Amino acid sequence: MSGATVPTPVAPSYVLTVNGTEHGVDASWLGESLLHVLRERLGLPGSKAGCEQGECGSCSVLVDGDLVCACLVLAAAAVGTEITTVEGLADERGTFTDVQQAFVDAGAVQCGFCTPGLVVAVHDLLDRVPEPTDLEVREALSGNLCRCTGYGRVVAAVEAAVAVRTSGGAP
Amino acid sequence: MSEVGTGSRTGVGTGTPGGVGTGAPRPDGGPKVRGEFAFSGDLWADGMLWGATLRSPHASARIRSIDVGPALAVPGVVAVVTAEDLPGSRYYGLEHRDQPVFAWEVVRYVGEPVAAVAADHPETARRALAAIVVDYEVTTPVLDAEEALVGPDLHPDGNTFRHMWVRRGDPDARGPVVVEGTYELGMQDQAFMGPEAGLARPTPDGGIDLVVSTQWLHNDRDQVAECLGLPPERVRLSLGGVGGAFGGREDVSLQVHAALLAQVTERPVKVVYSREESFLGHVHRHPARIWMRHSAEPDGRLVSFEARIVLDGGAYRSSSYHVVANAACFAAGPYVTPNAVVEGVGVRTNNPPCGAMRGFGAVQVCFAHEAQMDRLAAACDVDPVALRLTNAMASGDRLLTGQVVDGALPVAEVIRATAALPLPPAAGSEPMGRPGAAGLTTDAGDVVRATGFAVGFKNLMYAEGYDDDSHAACRLEAGLVTVTCAAAEVGQGFVTLAQQIAREVLGVDDVLLAPADTAIGSAGSTSASRQTWMSGGAVEKACREVRAEVVARVAAATGAAEADLRLRAGRVVSDGGAVPVDLSLAAVTAEEPVEASVRFQHRTTFPLDADGQGDAHVSMACAAHRAVVDVDPDLGLVRVVQVATAQDAGRVLNPTAALGQVEGGISQGVGLATMEEVVLADGAPRNASFTDYLIPTTLDVPEVVVDWVEVPEPDAPFGAKGVGEPPVISSTPAVVAAVRAATGRPLTRVPMAPAAVAGVGDAGDGEEG
């Protein structure tokens, strides 16, 4: 959006730390959400804008390790935090996390719009609760809406990822 | 947790890794889990503007004037357009161009586009919309379909989208047992997760490139070209990543708006709907009011069927004409019905337009006919499943339209297979697993468990003489296979299937699927469960032509007999015969590629006559569902514990993907039964958000148990039927039947309001309640 006429109030320049990298944000509208800044200013469109009111979970990211909807966080208020998006989950580009691999293998991806948010949410769950019960999985993911899968393969993917971790696979 | 049943899948694949019959993974799965897959809302271009749409707040009004001056004065606004700025047609429409791109003189529904702006920041665009001054003279809307049928015309085309009859046998025939009921369905929304989005770019030749989420690139292209006053070849559409569709992207939404803004500003314009605008900006499932009367012999054998089906199509036609036909043709369900009189009506009102949604008319009538089958079973004092078996249609029987079902239609088989699936264990002690879930309001002792059964069917592909086809191309060069087809991948898995088919036919591992765009012939719409058959068939045909050419080329070069040559693991090898051959496909096509471009069609269908008779349909698919529910009858809370299903699939070409379709479809059917409705007040959607329009979450979906009934369809590629729609059709009535069994209440309306389930207050249960 370089050269754009930015609506008032204009935010002072600030820095966001996303996936371990510092990004400067200049001449932005103060009302821009973290989701908007990630997607439209920092070139990180992996987090999806499904509802922009914290209901669908498609924009789930980690802010200082806490699972949040990026649409509900003002970007300028996230200064000084460590933000992890779906793009930052895998160690290097071109490889999968165990959860991402399980999603592919189990058929948990259809249109895939909800998938990045679900993947982030599953990582958050399994980092907190390594061996969740079925109801714990369902409760933890109930903030991530999916319209295609009916969640059956998603839950199967979580089980598969747990099985890999508990059998000594890579965390 | 779900289990896959044990339906036989032998005899489909030939053993090619990732070929037909395997659970080959999606080619786009990796990019999607890493967040690298570009959905249409993720597009970006240098110098890009943001488009936004002004929509009518009134269901019915005259437009006295529109003043765009204040919006143009907002810093950062580059253009404001209205109907007057359209160089070409002011109307669009999927089947019939009756819908204004921008309203002028009159608005006919809440959400109707009036103007659009392009600005250099999305917030600026929103502010500009607020600055446009539209002087409305509000008029009284017509919001009831029956009133609209007899009231003044809301549109020059009149208020009746279609009024049809299906008459079969003796209209006066009556059996001794008669049951009758009236049923209602609310307005369901497709609620796909990715809101409408697209990026339009002007091209140097004065045309437009549009990347957009859609179900039918070519139909969109033609509508955009007409409205922009351009020849079709100067409008090029490419498929942007689609975040689900379910029928809701068959109609044009932002396509013309974005393209016009790009044309006027001569800059790229991106439009991304908010969730609210998505609810306002696409068609919904038709709300319905359906009366039915069945008569039968004392043993439950059907004698006569009468129905009147009224579908509220909202302000514009969209696909209402054909939704009415589907509802009328399949009104009796997959049951042998010798005598029938069915009236089907689709009506224009000032409600939001309705059109295609998964199940397309069959969903509405299935809710009614399955309730009727349960009433009939009770009246005849026979088991509901046995009653359905008594009347189950099979190959060789006739539809209500008189058409003989000459393909596979294993209705009795899906009923028996569903009934045989295991029931869930007794309810656990965990409160989160009870009705109300996270509300934790239900005591375990109050929970009643019950079971319901339902069966449904519908047609596959387009009907009534539509010249339905799909184009595809296959190119084999230096051993690399590239398949090109304009079929819209909306999540259903065509991209996987196209690769599977090419691998199967050409004996290769790697198949590149070219992007879908209008540079090739149309693949038709991704709807009506047709792409596996139509575009799958086109890909198969193209690959088989390439294979034949390769075999001929190798035979000519080596002297081997064509019949002895096989394509396997990227090589051409001889299988017996006098001349041994072992050549790589890379070598065979190193100097000259092999290419085929094909058109694939299904059998010819014909229009219905005045009595709704005729061979109008290509093929049918059926499924049965058995739902187990836990209900708190005092609080009216329902938890769907399990849905078991057996589905007629012809052949399952990808068990993983097919299972995903079934689980996803059942989720939508459960949603319609229990929670999903666009609630209107004075024609205005009151719940256009995911806060208020509820779709099932992980805590709302049941365990799904699936079995497949595989009877190959004679005319279909690999014998496979599309599997997308049956899961949603009879899952809804099965859930409602189970809740009826738990509560004893009639529950003639979906979604079932908790008050209706509990039988209190104005329960919204249209009839006996």
Side-chain angles (χ1 to χ4, degrees), chain A residues 1 3-7 29 31-32 36 39-40 44-53 55-56 58 85-87 89-90 93 96 100-101 103-107 109-116 119 134-135 137-139 141-156 159, chain B residues 1-2 23 25-26 28-30 32-39 41-42 44 47 75-76 120-124 127 190-195 241-244 246 272 274-275 430 432-433 438 490-493 656-657 659-660 663-668 689-691 695-699 701 704:
Chain A
M1 254 182 280
T5 312
V6 176
W29 177 50
E32 286 173 12
H36 180 86
R39 290 175 51 78
E40 304 295 341
L44 294 168
S47 309
K48 303 303 173 196
C51 71
E52 297 189 77
Q53 56 180 198
E55 293 288 353
C56 77
S58 300
T85 72
V86 67
E87 290 100 335
L89 290 175
R93 202 173 174 85
F96 299 110
Q100 288 169 329
Q101 188 67 53
F103 267 62
V104 172
D105 293 344
V109 181
Q110 290 187 22
C111 89
F113 194 89
C114 68
T115 303
V119 166
D134 178 62
L135 276 172
V137 171
R138 290 177 182 276
E139 199 279 335
L141 301 185
S142 62
N144 289 78
L145 298 178
C146 171
R147 190 57 158 171
C148 296
T149 66
Y151 310 104
R153 302 302 87 212
V154 174
V155 174
E159 289 179 339
Chain B
M1 237 55 35
S2 307
R26 299 183 63 97
D28 55 9
K32 283 176 174 176
V33 297
R34 290 199 299 263
E36 293 169 359
F37 180 86
F39 290 90
D42 301 336
W44 196 90
D120 59 9
H121 191 283
E123 175 65 14
T124 304
R127 293 180 186 185
Q190 297 84 355
F192 41 73
M193 294 309 299
V242 184
F246 315 112
V272 182
S274 68
R275 180 53 55 182
E430 177 60 51
M432 190 67 81
V490 301
Q492 86 282 19
T656 307
L659 177 60
E663 289 175 332
I666 286 172
S667 171
Q668 294 181 3
S689 72
F690 281 153
T691 303
I695 65 173
T697 72
T698 38
L699 282 169
V701 294
V704 170

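Because the structure is a prediction, the values reported are computed rather than measured. Chain letters run A, B, ... following the sequence lines, proteins first and then strands; every chain starts at 1.
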May I ask you to test the [X]-[Y] pair for a side-chain heavy-atom distance under 4.5 Å?
X: A:H36; Y: B:P122; answer: yes
X: A:E40; Y: B:W44; answer: yes
X: B:S689; Y: A:Q53; answer: yes

Main-chain N/O of [Y] paired to [X] side chain as donor or acceptor, under 3.5 Å:
X: A:R153; Y: B:G660; value: no
X: B:Q668; Y: A:R147; value: yes
X: B:K32; Y: A:C111; value: yes
X: B:R26; Y: A:G107; value: no
X: B:E663; Y: A:G150; value: no
X: A:R39; Y: B:G41; value: yes

Spacing of [atom1] belonging to [X] relative to [atom2] belonging to [Y], to within rounding of 0.5 Å:
X: A:L141; Y: B:T698; atom1: CG; atom2: OG1; answer: 5.5 Å
X: A:C146; Y: B:M193; atom1: SG; atom2: CE; answer: 7.5 Å
X: A:E139; Y: B:M432; atom1: CD; atom2: CE; answer: 4.5 Å
X: A:L135; Y: B:L699; atom1: CG; atom2: CG; answer: 7.0 Å
X: B:E430; Y: A:D134; atom1: CD; atom2: CG; answer: 10.5 Å

Between [X] and [Y], what is the shortest heavy-atom contact and its length?
X: B:R127; Y: A:P7; answer: NH1-CB, 3.5 Å
X: A:C51; Y: B:F690; answer: CB-CD1, 3.9 Å
X: A:P116; Y: B:G35; answer: CG-CA, 4.2 Å
X: B:T656; Y: A:A106; answer: CG2-O, 3.8 Å
X: B:T697; Y: A:Y151; answer: C-CE1, 3.3 Å
X: B:G244; Y: A:C148; answer: CA-SG, 4.5 Å

Ionic contact status for B:R34 with A:E87, cut-off 4.0 Å: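 B:R34 and A:E87: not salt-bridged.
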Would B:V33 and A:V109 count as a side-chain contact (heavy atoms from CB on, under 4.5 Å) here? Give the steps. CA-CA 8 Å; B:V33 297; A:V109 181; 3.6 Å; yes
Could you tell me which portion of A:T149 (side chain, backbone, both or neither) has an atom closer than 4.5 angstrom to a non-hydrogen atom of chain B?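 Contact with chain B: backbone only.
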As an exercise: rank A:V86, A:L145, A:V104 by heavy-atom pairs under 4.5 Å with chain B and give me the winner.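 Max contact count across the listed options: A:L145.
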